Number of protein chains: 2
Amino acid sequence: MLTEEKKEIQEQRTKGYFIQAAKEILKGEGIRLISVRNIADRAGYSYATLYNYFKDLKDLIFLCVKDFQDECEITIKEETETRARGKEKIEGITQGYLKYFIQYPGIFDLFFLERMSEIGSKQKTSELIYTFFDRLCQEEWDFCVSKGIFQADEAESRKVELKLMVTGLLLFYNNRRQPANFEDFMNIAKNQLAFILR
Amino acid sequence: MLTEEKKEIQEQRTKGYFIQAAKEILKGEGIRLISVRNIADRAGYSYATLYNYFKDLKDLIFLCVKDFQDECEITIKEETETRARGKEKIEGITQGYLKYFIQYPGIFDLFFLERMSEIGSKQKTSELIYTFFDRLCQEEWDFCVSKGIFQADEAESRKVELKLMVTGLLLFYNNRRQPANFEDFMNIAKNQLAFILR
DNA sequence: TTTATAAAATTAACACTGCAAATTTACTGA
DNA sequence: TCAGTAAATTTGCAGTGTTAATTTTATAAA
């Protein structure tokens, strides 16, 4: 039967409408202003229709994670294209990463702050988030090790350190407005980056 | 008039009942299960009475921050009493800090994740949170500088680094269950701590 | 083309939430 | 005792996520 395939295509298309709507809201209004009715309105469906395609709201919005990661990665790749490999590229990637999550605080909320629904692909998604920054930098850390700039275990420590530092920095700035202005934020970021890569 | 003073005393007492109830819920059920009705029930009042004493719910629960900080500080002080000053004490303080926010994830949520209401003592409270860990360690960093273990600017960098690292670590573990078990968590914490204090 | 059936989408409803205005209760000073 | 004030409560609103029942739409068979 071709019918089954057609159904599948249509179902995926409809799911896509909801996901697209959710992504738009997340980037614009932010995660606080997201709601089932909000998403459904934008997707052109009734709010209850959403539950024919997704287990619950959390399920839907966490499907956006992968898309946003891809978008973020592409942006950073473009921005750091001309940078020299190694430390300098790690620096550029970090700056691009910070920039992205400051530009879209709703996506930061989604990645790090929003509670996930208990069941489902919870573990997979949280691992995706946990390893995201590592994946962005991995090639360059390997490069540093291959060039003898860092020892393997030392590079590993710095990699973890950088990830945790960047996450903490964004959390304070996006969620607690600390430090109070962007200039101070960038100064701290720069200093800490230099400290870790010294 | 003595009446004014009496009123003040009674008002503070009543406020205290609400705050005490909120603190109990935050430590127990956590911030997700907190609600106006929930707090008022426990305090022995109607839920609307709460609004006679607090601007809104957020206002109330962020009044708990100072109390929890004091409690946390006292606990850590006791635990690290016998430690040698300097690096070793910083290590102990960090461990106690991690322990506290893992034991009470609801308090972690309150400190770092929960959105504050826009007006009021927002800035003051967020600064209190931002500087908390720094204040816990400050004496020991100063000690290190005075003993020539670190230079002043170097100590400052490490202090900031430690704060951001610890915050990121707790965020991933408490909110994303990454790493997946406590043993891994403690190993990472230990390694990173050694990296920063090296 | 008409009819039976399955699928998709919607409406209505529930149990919550924070919050505010109106109303009742309790208390204080004359 | 009574009036005025402060405190506490009831009532109500607008919003949330989610589910069940219902209607609408699309599909397959006669």
Side-chain angles (χ1 to χ4, degrees), chain A residues 1-19 21-22 25-26 29-64 106 109-110 114-120 122, chain B residues 1-19 21-22 25-26 29-64 106 109-110 114-120 122:
Chain A
M1 283 267 186
L2 277 172
T3 339
E4 280 304 312
E5 293 176 31
K6 283 183 183 174
K7 290 286 164 200
E8 181 65 20
I9 289 171
Q10 285 190 5
E11 185 171 326
Q12 287 306 317
R13 225 197 312 261
T14 309
K15 285 183 94 164
Y17 296 147
F18 281 108
I19 293 172
I25 296 168
L26 285 169
E29 292 92 326
I31 208 165
R32 262 148 289 168
L33 295 176
I34 218 166
S35 76
V36 179
R37 278 133 176 114
N38 203 357
I39 295 170
D41 276 353
R42 198 180 279 252
Y45 286 95
S46 168
Y47 54 87
T49 308
L50 191 148
Y51 290 94
N52 294 335
Y53 295 92
F54 305 94
K55 186 185 136 292
D56 56 31
L57 178 63
K58 294 279 168 72
D59 213 53
L60 194 175
I61 64 176
F62 275 103
L63 285 174
C64 304
D109 289 351
L110 168 63
E114 187 70 9
R115 309 219 153 269
M116 332 180 65
S117 52
E118 299 307 321
I119 337 165
K122 181 197 160 193
Chain B
M1 284 268 183
L2 277 171
T3 340
E4 279 306 312
E5 294 177 31
K6 284 183 184 175
K7 291 286 162 197
E8 182 63 20
I9 289 170
Q10 285 190 5
E11 184 172 326
Q12 287 306 317
R13 227 200 307 263
T14 310
K15 285 182 96 164
Y17 296 148
F18 281 108
I19 292 171
I25 296 168
L26 284 168
E29 291 92 327
I31 208 165
R32 265 150 290 167
L33 295 177
I34 218 166
S35 76
V36 180
R37 275 120 174 132
N38 202 356
I39 295 170
D41 276 353
R42 199 182 280 252
Y45 287 95
S46 167
Y47 55 88
T49 307
L50 190 147
Y51 291 95
N52 295 334
Y53 294 92
F54 304 95
K55 187 184 134 291
D56 57 29
L57 179 62
K58 294 279 168 73
D59 213 52
L60 195 175
I61 64 175
F62 275 103
L63 285 175
C64 305
D109 289 351
L110 168 63
E114 188 69 10
R115 305 225 152 266
M116 334 179 63
S117 53
E118 299 307 322
I119 337 164
K122 181 198 162 193

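So you know, we letter chains A, B, ... as the sequences are listed, proteins then strands, and number each from 1. Being a predicted model, the structure only gives us computed values, none of them experimental.
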Nearest whole angstrom, please: distance from the P of C/dC16 to the CG of B/Asp41. 12 Å

OP1 or OP2 of C/dA9 versus the side-chain N and O atoms of A/Ser46: is any pair under 4.0 Å? no

Nearest whole Å is fine: how far is D/dA20 P from A/Leu50 CG? 16 Å

Please determine if a side-chain N or O atom of A/Tyr51 lies less than 4.0 Å away from the OP1 or OP2 oxygen of D/dT18. yes

In whole angstrom, give the distance that lies between atom CG of B/Asn52 and atom P of C/dA22. 15 Å

Can you tell which of D/dT16, C/dA21, C/dG18 lies closest to the side chain of B/Ala48? C/dA21

Among B/Leu63, B/Val36, B/Leu50, B/Ile61, which one satisfies side chain to side chain contact (heavy atoms under 4.5 Å, CB included) with B/Phe18? B/Leu50

Rounded to whole Å, how long is the line connecting atom CZ of A/Arg37 with atom P of D/dT19? 13 Å

How long is the line joining OH of B/Tyr45 and P of D/dT9, in whole Å? 8 Å

Taking all non-hydrogen atoms of both residues into account, name the closest pair between B/Phe62 and B/Glu114 and its distance. CZ-O, 3.6 Å

Short side-chain N/O contact from A/Ser35 to OP1 or OP2 of D/dT16, under 4.0 Å: yes

Which pair of heavy atoms, one from B/Leu110 and one from B/Leu26, lies closest together, and at what distance? CD2-CD1, 3.8 Å

Which part of the nucleic acid, if any, lies within contact of A/Tyr53, taking any heavy atom under 4.0 Å across all strands shown: a base, the sugar-phosphate backbone alone, or nothing? sugar-phosphate

Between the CD1 atom in B/Ile19 and the CD atom in B/Gln12, the distance rounded to the nearest 0.5 Å is 7.5 Å

Could you state the atom-to-atom distance from CD of B/Gln10 to P of C/dC27 in whole Å? 10 Å

How many whole angstroms separate atom CD of B/Glu11 from atom P of D/dA7? 7 Å

Atom CD1 of A/Ile39 to atom P of D/dT18: distance rounded to whole Å? 10 Å

So B/Tyr47, base contact, sugar-phosphate only, or nothing? Heavy-atom distance under 4.0 Å. base

